[in-house]
Amino acid sequence: MRSFTEIEQNRLAKLERLRERGEHPFPHRAERSHSISMATQYFSELSSDKDNNGENSIEMTLCGRLRSVRTMGKLAFAHIEDVSGRIQLLIRSDAIGKDRLKQFEADFDLGDFVQATGKLMETRTGEVTLDVSNFRMLAKSISPLPAAKEVDEEGDRKVYSAFDNVEARYRERYADLAVNPHVREIFRIRSGTISALRYFLDKRDFLEVETPVLQPIYGGAAARPFSTHHNQLHQDLFLRISFELYLKRLLVGGFERVYEIGRDFRNEGVSLTHNPEFTQLEFYWAYSDYEDVMMLTEQMVAFVAGEVCDDTLVSYQGHKLDFQPPWRRISLREALIEYSEIDYVNSSDDQLVSHCKSREIQIPSKATRGKLIEMLFSKCVEPHLIQPTFVYDYPRDISPLAKSKENDPNTVERFEVFVGGLELCNAFTELNDPIDQEQRFVDMGRDHNQESGEAHPLDLDYLKAMSYGMPPNGGFGMGIDRLVMLLTDQASIREVILFPHLRPKE
RNA sequence: GGGCCGCUAGCUCAAUUGGCAGAGCAGGGGCCUUUUAAGCCCUUGGUUACAGGUUCGAGUCCUGUGCGGCUCACCA
C-alpha cells in the first residue's frame with residue numbers, strides 16, 4: 001500500500017474539494033489556442049504595430065504547469081510553463097470574483113497542469129502577462145516537484161534549492177526533466193544529433209536498415225554479451241554487441257551503402273564513458289576505403305555540430321573543440337613516438353612489456369603484441385588527444401575484421417577518432433576475403449581459448465555470406481552517446497542517457 | 001570486482017572536542033490590488049540510509065550491509 005506524506009495528503013484533500021465543486025481534477029481534454037511562445041510572439045508583434053491603436057491583444061487560452069504562485073490578497077501572480085516557455089498569469093478578484101480567487105489560492109499547487117483564458121497585457125514592470133478571465137485544472141499534482149523555487153531573470157533562469165542530487169535525478173528522471181530545463185535541452189540536442197546524422201547519410205544515398213538485436217551468435221566486437229533465451233524455440237540468444245556482421249551481409253546482398261542507428265549491449269563494467277546499453281551508428285560503404293571514410297566522418301560530425309550547436313566550435317570540459325575539417329591525422333606509430341618516445345616497430349615484445357611495466361600498466365596473462373601496443377597507446381596518447389584526431393594503421397592481431405595494408409601484412413587499414421580524450425569512432429577498410437577472415441577467426445579463437453577457456457564464437461554463416469563475394473568497402477562505427485557528451489559538454493555518459501542503468505533501490 | 005568519499009525534513013544544506021537535530025525554500029493558518037526567491041506574523045514536518053557495537057550520552061567514534069559519487073581494473 002502506498003503511503004502519502006503530509007503534503008500529499010493535503011493535496012489529495014484539495015483534489016476532493018475540486019470534485020465536490022464539480023471541477024474534475026483530471027479532465028479528459030484541454031483547450032489551447034496558443035503555445036506560450038506563440039502567445040508572447042503574437043503580443044510583441046501587435047505591440048510594435050504603430051497602426052494598431054493599442055488594440056494589441058485578443059483572448060487566448062494557454063495551458064501549462066504551475067511553476068510559481070504569489071498571492072497578494074485580492075490578486076495573485078503565477079507562472080505557467082509549457083514546452084515552449086513560461087508566462088506570468090495575473091488573477092484578479094475583480095475579474096473572476098473573490099471566491100474564485102480564494103479557490104485558486106486554496107486548491108491549486110505548484111506542479112498542477114492548468115488552463116487559463118484571458119488577454120495579454122504588460123505589468124508595471126513590463127512583463128508580458130495573461131490577465132486571466134477564467135481558469136481550470138487540467139491535471140492535479142499529488143506529489144510536490146523537488147525544486148522549490150525558480151525564476152526568470154532577464155533571460156537567465158535562476159534556480160533556488162536546485163534538484164541536483166545525481167542519484168535522485170537519475171532515479172526520477174521525470175522529476176529531473178520537469179524542474180531542470182537544462183536537462184531537457186541535453187535531450188533536445190541528442191534528438192537533433194540523431195536527426196542530423198540521418199539527414200546527412202540519407203542525402204548521400206545511404207539506406208537505413210534494421211538488423212537483429214537478438215542473435216544466435218554475437219560478434220563484431222570483443223565485448224562480453226548479455227544472454228537470453230527463447231522459450232518456445234528452446235534457443236539461447238545473445239543481445240547484440242555490434243551490428244557489423246549483419247550490415248556487411250547486406251553488402252553481399254547488393255546494397256552499396258547501408259547504415260543503422262540502434263542499441264548495442266555489452267556486459268562490461270560501467271564508467272563515466274560506458275553504459276551497459278548504448279547507441280551506436282554504423283555504416284558500410286561499398287567501393288570505398290578507410291581514407292574515404294575519414295573524409296566522410298569529419299564532414300558528418302562537423303555538419304552535426306553545425307546543426308545542433310550552430311557552430312563547429314564546441315566547448316567541452318574547459319576545452320574549445322574545433323570540428324571544422326580537416327582534422328589532424330597521425331598514425332598510431334607516430335602518435336606513440338610523439339607522446340611516449342616508443343617506436344614499437346623497432347621494439348621487441350620484451351621491450352614493450354617493460355615499457356608497460358614502467359608505466360604501471362597491468363598486462364593480461366596472455367597479451368598479444370598488438371594488445372601491448374594498444375595499452376601503451378591508451379595510457380600515453382589517448383588523454384592528450386583533445387582536438388578531433390584520426391589515429392590510423394593498427395596492429396593486425398587486435399583488428400580481426402580489418403584488411404591488412406598492401407605493403408605491410410601486420411598492420412591493418414583502420415582508424416579511430418579521439419576527441420576530448422574520448423574514443424569516438426572506430427573504422428576500417430573491411431576485410432572481404434573469406435579465407436583470410438576464417439583464419440583470423442581461428443587465430444582469435446585460439447587466443448581467446450587460452451585466456452578464458454571458452455571458444456570465441458565462429459560465425460560460419462557470416463563466412464558463407466562473404467564467400468558469395470563482398471565488394472571492397474569501408475566501415476564505420478561511432479558511439480552516439482559520446483558524441484552527445486561532446487556536443488552538450490557533459491563529462492558523464494549517464495547525463496546523456498534518459499534512463500541510465502542503476503542498481504535497484506531497497 | 002578493488003580503493004577513496006558520501007547518505008541529516010519534500011528540495012538545498014547546517015549542526016564546535018561525542019552533549020537538547022537546525023535554517024532557507026516547499027507545506028499549513030492569517031494579512032496584503034502590480035508581484036516575480038514578493039513581503040510580514042504564526043506554524044507543522046525527522047527511524048540522521050539500514051543493522052549492530054562502544055559510551056552516562058552517538059548525526060558525530062567502531063564493525064557490517066545497501067545505494068550513490070569519484071577512481072582503478074575490465075571494456076580491441
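Chain identifiers are assigned alphabetically (A, B, ...) following the order of the sequence lines, protein sequences preceding nucleic acid strands; residue numbering begins at 1 within each chain. Keep in mind the model is a prediction, meaning the values are calculated, not measured.
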Residues two or more places apart in sequence or in another chain: which of them pass side chain to side chain contact (heavy atoms under 4.5 Å, CB included) with [X]?
X        : answer
A:Phe113 : A:Arg65, A:Leu138, A:Ala139
A:Ser133 : A:Glu59, A:Thr117
A:Arg100 : A:Arg21, A:Glu23, A:Ile96, A:Gln103, A:Phe135

Let's see if you can work this out: which of [options] has an atom nearest to the side-chain heavy atoms of [X]?
X        : options             : answer
A:Phe77  : B:G28, B:U35, B:C75 : B:U35
A:Leu110 : B:G45, B:A26, B:U34 : B:A26
A:Val166 : B:G69, B:G28, B:G10 : B:G69
A:Arg224 : B:C74, B:U35, B:A26 : B:C74
A:Glu6   : B:C75, B:U44, B:G28 : B:U44
A:Lys14  : B:G28, B:G69, B:C75 : B:G28
A:Leu272 : B:U34, B:C70, B:A26 : B:C70
A:Thr71  : B:U35, B:U34, B:C32 : B:C32
A:Arg171 : B:G69, B:C67, B:U35 : B:C67

Strictly by Watson-Crick or wobble contacts shorter than 3.5 Å, is anything paired with [N], and which nucleotide is it?
N     : value
B:U16 : none
B:A9  : none
B:G57 : none
B:U63 : B:A51
B:C75 : none
B:U44 : none
B:U33 : none

Problem - Residue mapping more 5' on RNA chain B - nearest nucleotide basis, A:Arg414 or A:Gln88 - result: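 The residue mapped nearer the 5' terminus is A:Gln88.
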
Practice task
Would you mind telling me which residue lines up with the more 5' stretch of RNA chain B, A:Ile361 or A:Glu244, judged by nearest nucleotide?
Solution key: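 Going by which nucleotide is closer to the 5' end, it is A:Ile361.
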
Exercise for the section: Kindly determine whether A:Lys357 and A:Val353 satisfy side chain to side chain contact (heavy atoms under 4.5 Å, CB included), including the steps that lead there. Expected result: CA-CA 6 Å; A:Lys357 283 182 176 164; A:Val353 168; 4.0 Å; yes

Could you tell me the separation between the [atom1] atom of [X] and the [atom2] atom of [N], rounded to a whole number of Å?
X        : N     : atom1 : atom2 : result
A:Asp176 : B:C11 : CG    : C1'   : 13 Å
A:His274 : B:C72 : NE2   : C1'   : 13 Å
A:Asn10  : B:U44 : CG    : P     : 15 Å
A:Ile241 : B:C74 : CD1   : P     : 18 Å
A:Tyr174 : B:G10 : OH    : C1'   : 14 Å
A:Ile398 : B:C75 : CD1   : P     : 12 Å
A:Arg17  : B:G28 : CZ    : P     : 9 Å
A:Lys102 : B:G30 : NZ    : C1'   : 9 Å

Practice task
Please lay out, stage by stage, how A:Thr123 and A:Glu127 fare under the test side chain to side chain donor-acceptor pair (under 3.5 Å).
Solution key: CA-CA 5 Å; A:Thr123 61; A:Glu127 179 166 353; 5.4 Å; no

For [X], answer base if it contacts any base atom (sugar-phosphate contacts may also be present), sugar-phosphate if it contacts only those atoms, and nothing otherwise; contact means non-hydrogen atoms under 4.0 Å.
X        : answer
A:Thr123 : base
A:Gly220 : base
A:Pro400 : base
A:Asp94  : base
A:Thr129 : nothing

Practice task
Could you tell me whether the side chain of A:Lys379 and the main chain of A:Cys356 form a donor-acceptor pair under 3.5 Å?
Solution key: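 No; judged by distance alone, with no hydrogens or angles, the pair does not exist.
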
Take atom [atom1] in [N] and the same atom in [M], then report the distance between them in whole Å.
N     : M     : atom1 : result
B:A15 : B:A9  : C1'   : 14 Å
B:A14 : B:U8  : C1'   : 9 Å
B:C72 : B:C25 : P     : 42 Å
B:C74 : B:G53 : C1'   : 37 Å
B:G57 : B:G18 : P     : 16 Å
B:G69 : B:U55 : C1'   : 33 Å
B:C40 : B:A23 : P     : 16 Å
B:G30 : B:U60 : P     : 41 Å

Practice task
Sequence neighbours left out, what pairs pass salt bridge (Lys or Arg N to Asp or Glu O under 4.0 Å) with at least one residue falling in residues 327-338 of chain A?
Solution key: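 As it turns out, the salt bridge (Lys or Arg N to Asp or Glu O under 4.0 Å) pairs with a partner in residues 327-338 of chain A, which skip direct neighbours, are A:Glu298-A:Arg329, A:Arg328-A:Glu338, A:Arg333-A:Asp343.
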
Practice task
Applying salt bridge (charged side-chain N to carboxylate O under 4.0 Å, His left out) between A:Arg240 and each of A:Glu277, A:Glu282, A:Glu260, report the one that passes.
Solution key: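 Of all the options given, the one that passes is A:Glu260.
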
Handout entry: Check ion pair A:Arg440-A:Asp433 (N to O, under 4.0 angstrom)
Key =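 A salt bridge is absent here (no side-chain N lies under 4.0 Å from a carboxylate O).
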
Problem - A:Phe476: ring pair (Phe, Tyr, Trp, His ring centres under 6.0 Å) partners, not counting sequence neighbours - result: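 Result, ring pair (Phe, Tyr, Trp, His ring centres under 6.0 Å) vs A:Phe476: A:Phe283.
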
Handout entry: Presence of donor-acceptor pair under 3.5 Å, side chain of A:Arg124 and base of B:U34
Key =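 For A:Arg124, whose side chain was compared with the base of B:U34, there is no donor-acceptor pair (under 3.5 Å).
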
Exercise for the section: Kindly say whether, by distance alone, the side chain of A:Glu127 makes a donor-acceptor pair under 3.5 Å with the base of B:U34? Expected result: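 Answer is no: no donor-acceptor pair is held.
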
Practice task
Kindly state whether the ring of A:Tyr394 and the ring of A:Tyr290 have centres lying under 6.0 angstrom apart.
Solution key: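 No, the ring centres sit 6.0 Å or more apart.
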
Problem - Any A:Arg494 side-chain nitrogen or oxygen under 4.0 Å from OP1 or OP2 of B:G69 - result: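 Answer yes for this pair, as a side-chain N or O of A:Arg494 is under 4.0 Å from OP1 or OP2.
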
Fill in the blank from the handout: Letter by letter from the 5' end, nucleotides 1-7 of chain B scores (B base, S sugar-phosphate only, - none; protein heavy atoms under 4.0 Å) -------

